[in-house]
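Here is the structure we will look at, set down as structure tokens.
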Amino acid sequence: MLEVKNLHASVEGNEILKGINLKVNPGEVHAIMGPNGSGKSTLAQVLAGREEYQVTEGEVFYKGKNLFDLSPEDRAREGIFLAFQYPVEIPGVSNTNLLKTALNEIRKYNGEEELDAMEFLSLVKEKMKLVELEKSFLSRAVNEGFSGGEKKRNEIFQMAVLQPKLAILDETDSGLDIDALKVVANGVNKLKTKDNATILVTHYQRLLNYIIPDFVHVLYKGKIVKSGGKELAYELEEKGYDWIKDTEEVNV
Amino acid sequence: MENTLNIKEWYLSQFNDFEKRLNGESEGSIHLLRKDALNNFSKLDFPTLKDEEWKYTNITPLLKHNFVTSFDDTDIPAEKIKSKLLIEDEHSLLVFINGYFSAKHSDLNKLPKGVIASSLAKAIKNNLSNSKDYLGKYADYNDYIFTALSTAFIRDGAFIYIPDGVIVEEPIHILFITTSENKKLLVQPRNLFVAGKNSQAMIIEHYAGAEDSVYFTNAVTEIRADENAVLDHIKLQEESNSSFHFARMEVDLERSSNFTSHTVSTGSSITRNDFNSRFNDEGGECTLNGLYMIEDSQLFDTHTLIDHAKPHCVSHEHYKGILDDTSRGVFNGKVMVRQDAQKTNAFQENNNILLSDKALVNTKPQLEIFADDVKCSHGATIGQLDDDAMFYLKTRGIGEESAKAILMHAFASDVITSIKNKSVRDHFEKIISQRFNK
């Protein structure tokens, strides 16, 4: 589904990603862990198409297509979804308006009929339950005045409505209390199928108690320095990131 | 300079034609007022960029035209009026064609008892509700040449009087349609709105011109809100892109009165809106919201003054602009807090979005505070659409054009959400949508 080969990316001349290799198949959950500043969010943003990051080397294929040939909106329409670390507040645009426009543009791109108001509403109502959001939430402006937990739940809610093939969750767990974390994790688990894949970008092992990854990768200084199964996450939790840093320095 | 002299002489000569056609109305106090204003007009100069208040607005294009005074000699088909209605089933409608009242197209049967909504010409003739006492009292014509021009040519416009304690539930819609065809018309509506004690009403001043026609609207509106009156004013400006729209509004607010104004404009060739309001007593509240959406080489200039002359008054001003192509915006908002005006609460903000590298805004929020126990804030922003918001929308599958339209709509509709009447608000939402979903 996704194949990242020797990906290098910089922002304002500083190289942040220094040769990432990653392969994600349908049905898999990958966790990308790493200390702050290791390039986790950059990787997520580059995959979603943020223009501020320049890809200087390497390639990424998504469903066999060159990802960099696709605009951010076309990536989304092809099934890539990024749950933002810091969801953007958009005053004056209601959640309904955003979701309805998004869903219908995606459907149109894929040659499907647009949903009418009734169909849309019933879909949205069903998905709201998943992340335990109130109905009044729909008419509120996107993320405006939301608490941290509400913003993260909103990201998962949007994901539930848009039903992506590849979801990239950028630190969706950061700053959440345990109840909110469970709600978010539960949402992600329920959306999991054998056809879609999830990339969890996280700093903490805690999320992985609730969403069990198939693979764990450790990102450090712009490179994946270690990959393994879910036990790698426990090892990291136990030994801390210093363990990685130390190993790395020994290798150098 | 020579050109300016010539054009002044041109308007002075227009007055002779105008006077000849007054038919027996060239006597009395109103005509003395006209003559006095004309005298002032002849002494004043048209402003240039050297005048502080006109620093960014070059009116030379206006002075190149020899506009002729409009007369009450035109009719238009009813369908044209219908297409301009804001609400289906409008209750109270005053139609003016080229500045003159058209009884035929107007509908004033459903107004509550005692409310007067009439042509100013008729009001002056019969001195309805002492209209003559108010006329010219608020819009000073000593220093402002365009008001002098308006006052010299006072003839018609809308006169609305809400008696004490009367609540007018439905909006009163005043529609000024200009259809100048090949004549370059000078249209000068002169409006006077008086809201009595404890009264309430919504008045819509709506300017609509035939596309591409060249004319000059020079409007003056005087408003008095008596004690505890609640007056909602709406100005919708849909003038021709080749026209000139100069308008002045003077608002006098008595104790605990509440005045709200919403201006929505798609500009003209050159627009200049002067808006002045004064708190004459304590407890008043004044809201000024505005939205201008301009393109091509349009120029839109807003000058406002809110005079906090008395304590315990609240003002809230928020103007927003969306500018495309080589259009230019000017915003000059002054809030004056006089020494007496303790416990004033004044907020002022002007935000602009430039959609093109060549669009330009000169914005100058001004606070002059002479009292020491007040809460005032002001600010201005000029920018592009928020990149983060654009990216966020795109990552949800929304394309560039739709994302832009969504964000512009959100930016614009912010200033009209406070319009109390839902039908009117919906109509404005529609105007905004049409604008950004071409």
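Below, chains carry the letters A, B, ... as their sequence lines are ordered, and counting in each starts from 1.
- Of residues 110-127 of chain A, not one residue has a non-hydrogen atom less than 4.5 Å from any non-hydrogen atom of chain B.
- Interface residue Pro91(A): only backbone heavy atoms are found under 4.5 Å from chain B.
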Derivation of the salt bridge (Lys or Arg N to Asp or Glu O under 4.0 Å) call for Asp388(B) and Arg50(A): CA-CA 9 Å; Asp388(B) 290 332; Arg50(A) 184 98 199 184; 2.6 Å; yes

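- Here the side chains of Phe391(B) and Gln45(A) are in contact, with some heavy-atom distance below 4.5 Å.
- The distance from atom CD of Glu51(A) to atom NZ of Lys394(B), rounded to the nearest 0.5 Å, is 5.5 Å.
- Within residues 129-145 of chain A, the residues having any heavy atom under 4.5 Å from a heavy atom of chain B are, by residue number, Val142(A), Asn143(A).
- Within 6.0 Å of CG on Asp357(B) lie no more than 12 heavy atoms contributed by other residues, nucleotides or ligands.
- Only the backbone of Ile80(A) comes within contact range of chain B, judged by heavy atoms closer than 4.5 Å.
- Put simply, CD on Glu89(A) and OH on Tyr392(B) are 10.5 Å apart, with the number rounded to the nearest 0.5 Å.
- Across Ala412(B), Ala389(B), Gly399(B), the residue that shares the most heavy-atom pairs under 4.5 angstrom with chain A is Gly399(B).
- Put simply, the side chain of Arg396(B) gets close to the backbone of Leu82(A): a donor and an acceptor are under 3.5 Å apart.
- Nearest heavy atoms, Thr395(B) versus Ala48(A): CG2-CB, 4.2 Å.
- Ala76(A) and Gly397(B) get closest at one heavy-atom pair: CB-N, 3.3 Å.
- Counting heavy atoms from C-beta outward, Leu393(B) and Ile90(A) have side chains that approach closer than 4.5 Å.
- Using a 4.5 Å cut-off between heavy atoms, Pro87(A) touches chain B through backbone and side chain atoms alike.
- Summarising the geometry of Ala410(B) relative to Val93(A), their closest heavy-atom pair is CB-CG2, 3.5 Å, with the distance given to 0.1 Å.
- Within 6.0 Å of atom CZ in Phe68(A), more than 12 heavy atoms from other residues, nucleotides or ligands are found, so the atom counts as buried in its surroundings.
- Heavy-atom neighbours of Lys63(A) NZ from other residues, nucleotides or ligands within 6.0 Å: above the threshold of 12.
- The environment of Glu52(A) atom CD is dense: over 12 non-hydrogen atoms of other residues, nucleotides or ligands sit within 6.0 angstrom.
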